[in-house]
Amino acid sequence: MTESVLHQDVRTPEDSQPRDKIRRLVFRMAIATLILMAIGSATRVMNAGLACPDWPLCYGQLVPSSQMNLQVFLEWFHRLDAAVIGLGAIALTAVSWWNRRSLPTWLPIASTFALFLVIFQGVLGGLTVTQLLRFDIVTAHLGTALLFFTTLLIIGAALLPYQGTGTASKLPWISLSAAIFVYLQSLLGGLVGSQWALHQCFGAQELCTVMNSHIAGVIPPTIATIAVVVFAWRTPALHPLLRKLANLAGGLLVLQIALGVATFRLHLQVEPLTVAHQAVGAALLGSMVVFTVLALRDRNASVVVPDPSL
């Protein structure tokens, strides 16, 4: 029978080593991807997106030492981090297929999908430069990065040594809704940022619809995330890890709203706030994705039937 990504963690000692290595690799790649998205945000708000006029090199060099300044460094380091993650995705795919006999059947396929996303992301990265930061390409670049980030977290959460309590009930579907809403809200934020809609609205009364859509879009993910926190606390015997993830999501939500208000009131004039706003949004998405995977595994926890002869 095909092994499901949601099955409980049952394995032999021989299986543990490749699984553990892959789990550590994907979580490290996820952290690197979160950093990459933050650097990408910093590149945008610092107007450094075209600091390297060519692609994939920068001024025709691997390290443009003579042209190096803050803007060039941001764009160059963004590409360097992306290249490291790309190599990690190749290694992940290779290791998954090489050890496929001792790994879940879904893992090589999921790893290959992650590698495809990296390749597609690289193409979009090149197009952002050659097409002079066209807003739809920039937004697609962010959306693909978030999808790659969530793919890594799904793989990592599915490989965690986790034994559910069978009490999650409807929580997986609530958290899945929250994750989808946060993802869509992040894309709206990408549209606002890539079109400089906040500046356009305040300065020329243009693109206000885009900006207001992002502001109104706060409501669905906020309600869904609060619902996850409330139901997590009201669910008896819920696994402690799920409760901690719910608390983390609640804290990230409060921080994200505060950063959004501060960014709006300061008209995007404080770059670190804008970068933190996107990074915290991605972290909130990640916490909901991991919560969803573990909660689904919790629902599928094996029920131990007492032996009546005892």
Review point. What pairs of residues pass the ring-ring contact (aromatic ring centres under 6.0 Å, His included) test when at least one of them lies in residues 133-152, not counting sequence neighbours?
Key: none

Point to revise | Any pair counted as ring-ring contact (aromatic ring centres under 6.0 Å, His included), so long as it reaches residues 22-68, sequence neighbours left out | key: none

Kindly compute the distance separating [atom1] ([X]) from [atom2] ([Y]), expressed to the nearest 0.5 Å.
X: Ile119; Y: Ile90; atom1: CD1; atom2: CD1; value: 7.5 Å
X: Arg79; Y: Ile39; atom1: CZ; atom2: CD1; value: 13.5 Å
X: Thr43; Y: Leu36; atom1: OG1; atom2: CG; value: 9.0 Å
X: Ile35; Y: His78; atom1: CD1; atom2: NE2; value: 13.0 Å
X: Leu147; Y: Phe113; atom1: CG; atom2: CZ; value: 5.0 Å
X: Leu171; Y: Asp298; atom1: CG; atom2: CG; value: 8.5 Å

Compare all side-chain heavy atoms of [X] with those of [Y] and state whether any distance is below 4.5 angstrom.
X: Cys58; Y: Glu75; value: no
X: Thr139; Y: Gln195; value: no
X: Cys52; Y: Gln67; value: no
X: Ile215; Y: Asn212; value: yes
X: Asn99; Y: Lys21; value: no
X: Leu92; Y: Leu115; value: no
X: Leu107; Y: Arg100; value: no
X: Ser66; Y: Gln61; value: yes

Donor-acceptor pair, [X] side chain versus [Y] backbone, under 3.5 Å?
X: Arg19; Y: Leu159; answer: no
X: Arg297; Y: Ala158; answer: yes
X: Ser96; Y: Ser111; answer: no
X: Arg299; Y: Ser169; answer: yes
X: Ser41; Y: Met37; answer: no

Check for me, please, whether [X] and [Y] land in the same ILVMFWY cluster - side-chain distances under 4.5 Å, paths through other members count.
X: Met288; Y: Leu187; value: yes
X: Val63; Y: Val72; value: yes
X: Val26; Y: Phe116; value: yes
X: Leu241; Y: Val289; value: yes
X: Val182; Y: Leu248; value: yes

If I compare all heavy atoms of [X] with all of [Y], which pair ends up nearest, and what's the gap?
X: Gln71; Y: Asn47; result: NE2-O, 3.2 Å
X: Leu294; Y: Ala157; result: CD2-O, 3.6 Å
X: Ala110; Y: Thr151; result: O-CG2, 4.3 Å
X: Leu252; Y: Ser287; result: CD1-OG, 4.1 Å
X: Asp81; Y: Ala32; result: OD2-O, 3.2 Å
X: Leu273; Y: Ala262; result: CD1-CB, 4.0 Å

Check your understanding: Got a sec, which pairs hit salt bridge (Lys or Arg N to Asp or Glu O under 4.0 Å) with one end in residues 113-136, sequence neighbours left out?
Key -> Arg134-Asp136

**Study point:** Residue pairs involving residues 241-258 (criterion side-chain hydrogen bond (donor to acceptor under 3.5 Å, both in side chains); sequence neighbours excluded)
**Key:** Trp233-Asn247, Gln256-His277

Review point. For Phe120, which fellow cluster members are found when Ile, Leu, Val, Met, Phe, Trp and Tyr are connected by side-chain heavy-atom distances below 4.5 angstrom, either directly or through intermediates?
Key: Val123, Leu124, Leu127, Ile137

Point to revise | Under 4.5 Å side-chain linkage, directly or through intermediates, the cluster mates of Met46 | key: Val45, Leu70, Leu74, Val275

**Study point:** Ile223 and Ile226: CA distance, side-chain angles, deciding distance, side-chain contact (heavy atoms from CB on, under 4.5 Å) verdict
**Key:** CA-CA 5 Å; Ile223 293 175; Ile226 291 174; 5.9 Å; no

Exercise for review: Take Leu296 and Val293, measure what side-chain contact (heavy atoms from CB on, under 4.5 Å) needs, and give me the verdict at the end.
Suggested key: CA-CA 5 Å; Leu296 284 169; Val293 174; 5.9 Å; no

Residues in side chain to side chain contact (heavy atoms under 4.5 Å, CB included) with [X], at least two apart?
X: Ala227; answer: Ile174, Phe231
X: Leu57; answer: Asp54, Leu62
X: Thr112; answer: Thr93, Trp97
X: Ser177; answer: Phe181

Exercise for review: Applying side-chain contact (heavy atoms from CB on, under 4.5 Å), run through Met211 and Leu207 and close with a yes or a no.
Suggested key: CA-CA 7 Å; Met211 184 191 72; Leu207 299 177; over 6 Å; no

Review point. His214: what forms a ring pair (Phe, Tyr, Trp, His ring centres under 6.0 Å) with it, not counting sequence neighbours?
Key: none

Practice item. List for me each residue that meets ring pair (Phe, Tyr, Trp, His ring centres under 6.0 Å) alongside Phe77, sequence neighbours excluded, and say none if there are none. Key: Phe73

Point to revise | Leu25, Thr33, Ile85 screened by side-chain contact (heavy atoms from CB on, under 4.5 Å) with Leu152, the one that passes | key: Thr33

Practice item. Please lay out, stage by stage, how Phe291 and Thr225 fare under the test side-chain contact (heavy atoms from CB on, under 4.5 Å). Key: CA-CA 11 Å; Phe291 185 100; Thr225 303; over 6 Å; no

